[in-house]
> 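Let me begin by handing over the structure; questions about it come next.
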Amino acid sequence: MAKTEAKISGRTRGRTAARLAAAAVAAALVGTGASAFAADSPTPPGTFAKASVKAAAKKAVAARSGAARHGAARADGDPNGAYPVFPLRGVDRAGNEFAYLPDFEGGFSSRMQMDEGQGGVKNAAQVDNDADGVPDGTWKWDTKGNMTFEPLDNLTTVPVGGGWNIYNTLLSPGNLGGAQGGDLLGRDSSGTLWLYLGYGNGKLTSRYKVGGGWGQYTALAGNGDLTGDGKPDIVARGADGTLWLYKGTGNYRAPFEPRVKIGGGWNIYNALVSTGDVDLDGKTDLVARDAAGALWLYRGTGGAKAPYKPRVKIGTGGWNTYRLLF
């Protein structure tokens, strides 16, 4: 009886801590004047909205660390850079960009407008440049092949360079090379995967060849550690709907171990996105959108043998309004 009561008490404390953390995030946003929890935020796109999103992410990471001490999140420490808390961001067909913050219940809050006039953006990837689990900016590549870096704390866009249309996929799963800044993966039309190491300021090194054969995949996703070793991993979906895990090594010369099969049936989704830890339990999750526009959450387990729990619907429809999710 005493053991059962202790377990119930621990879970109750964890849930209470999570609720208090959610309130802290909301209070932080109110303090900045932002309205991330309003369905159609009046906050004008630009510095204010972006800074508010970053502030909320910081509060979420801090609250998760506190909850861990009460049994709600990781009890073995909380290496935040390995389990980032990023908003889910989407660009609609009119070129408006919105952000959805984790709601501490395993889903996302109402949207907040981040930007407009994004019709020329071909792809984007959020990045954590100082390993604190919070997004610092976004790499965006346009239809002309030009790459820029947009910091979240100001409107000073950093030009990265041109020629990025040689890639059909862009992905920033975290720090793959062992330094502090987040890195970038690009897959070209021949199916070769390339790695660019980040300097931490939006700039990138020259590319390193990861290897060929990646053209067999219809989707790549990842942001943070899936296997509990603190190194970022990615998942890849084959044309037959099979999902594969590529475990990170921490070595930029050979950043991934041989693939491990997760399971089949993933072709029911038209988008796979990882924003890190959605439910704030200290494990990296995966978000999937189906053909009907519903959103599903696959909670991470922290284990390589079965990295995801069974799916949970977190959005009933309407998510097909976004031509791009990242």
Side-chain angles (χ1 to χ4, degrees), residues 35-43 45 49 53 56-57 85-126 135 138 140-143 168-172 217-223 234-243 262-280 284-300 307-326:
S35 181
F37 296 90
D40 292 293
S41 171
T43 307
V53 164
V85 178
F86 286 11
L88 176 63
R89 292 164 64 179
V91 178
D92 66 19
R93 286 166 180 78
N96 298 309
E97 182 184 328
F98 297 91
Y100 296 81
L101 295 162
D103 65 2
F104 281 77
E105 300 293 335
F108 293 102
S109 68
S110 299
R111 68 184 187 177
M112 177 181 185
Q113 187 163 355
M114 293 283 286
D115 218 330
E116 57 190 359
Q118 300 290 293
V121 173
K122 187 174 181 179
N123 209 335
Q126 301 181 80
T138 309
K140 290 183 177 178
W141 130 55
D142 65 23
T143 54
N168 54 37
T169 298
L170 181 71
L171 180 69
S172 180
Y217 298 120
T218 59
L220 301 175
N223 186 16
I234 65 171
V235 294
R237 182 183 64 190
D240 64 352
T242 300
L243 196 69
I262 295 175
W266 290 79
N267 272 342
I268 62 174
Y269 302 117
N270 59 29
L272 299 177
V273 184
S274 178
T275 60
D277 183 8
V278 175
D279 58 359
L280 303 176
T284 297
D285 309 312
L286 186 69
V287 174
R289 182 183 65 188
D290 67 23
L295 208 63
W296 300 85
L297 176 66
Y298 285 85
R299 290 185 169 92
Y308 298 118
K309 297 178 183 178
R311 68 179 189 171
V312 177
K313 182 182 279 191
I314 58 172
T316 57
W319 288 87
N320 277 335
T321 189
Y322 297 111
R323 66 172 181 82
L324 176 63
L325 288 172
F326 61 96

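One-based numbering along the sequence shown.
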> Y269 and side chain to side chain donor-acceptor pair (under 3.5 Å): which single residue from R289, R311, R237 fits?
R311
> Hey, could you give me the CD/CG distance between E97 and D92, rounded to the nearest 0.5 Å?
10.0 Å
> Could you walk me through whether L295 and L88 pass the side chain to side chain contact (heavy atoms under 4.5 Å, CB included) check?
CA-CA 11 Å; L295 208 63; L88 176 63; 3.9 Å; yes
> Tell me whether R93 contacts the main-chain N or O of T321 through its side chain, where contact means a donor paired with an acceptor under 3.5 Å.
yes
> Test side chain to side chain contact (heavy atoms under 4.5 Å, CB included) on R89 and T138 and set out the steps.
CA-CA 11 Å; R89 292 164 64 179; T138 309; 2.7 Å; yes
> Of all the heavy-atom pairs spanning A221 and S274, show the shortest one and how long it is.
CB-N, 4.4 Å
> Looking at residues at least two apart in the chain, or sitting in another chain, which of them share a side-chain hydrogen bond (donor to acceptor under 3.5 Å, both in side chains) with T169?
R187
> If the plane angle is over 60° it's perpendicular, under 30° parallel, otherwise tilted; pick one for W266 and Y298.
tilted
> So which heavy atom on N320 is nearest to which on A292, and how close?
ND2-C, 3.6 Å
> For K140 and L170: C-alpha separation, side-chain torsions, deciding distance, then whether side chain to side chain contact (heavy atoms under 4.5 Å, CB included) applies.
CA-CA 9 Å; K140 290 183 177 178; L170 181 71; over 6 Å; no
> Hey, what's the ring geometry for W319 with Y100, parallel, tilted or perpendicular (30° and 60° as the breaks)?
tilted
> Over all heavy atoms of both residues, which pair between T275 and F108 is shortest? Give the atoms and the distance, please.
OG1-CZ, 4.2 Å
> Please find the pair of heavy atoms, one from A239 and one from T218, that lie closest to each other, and give the distance.
CA-CG2, 4.0 Å
> Check whether any side-chain N or O of S109 sits under 3.5 Å from a backbone N or O of L101 as a donor-acceptor pair, and report yes or no.
yes
> One pair to check against side chain to side chain contact (heavy atoms under 4.5 Å, CB included): V235 and L272. What are the steps and the verdict?
CA-CA 9 Å; V235 294; L272 299 177; 5.5 Å; no
> Roughly how far apart are I262 CD1 and Y308 OH, rounded to 0.5 Å?
5.5 Å
> Over all heavy atoms of both residues, which pair between F326 and Q126 is shortest? Give the atoms and the distance, please.
O-NE2, 3.6 Å
> Among D285, T284, D279, D277, find the one that has a side chain to side chain donor-acceptor pair (under 3.5 Å) with R299.
D279
> Distance check, rounded to the nearest 0.5 Å: N168 atom CG versus K122 atom NZ?
7.5 Å
> So how far is it from Y217 OH to L243 CG, rounded to the nearest 0.5 Å?
9.5 Å
> Over all heavy atoms of both residues, which pair between N267 and G241 is shortest? Give the atoms and the distance, please.
ND2-N, 3.2 Å
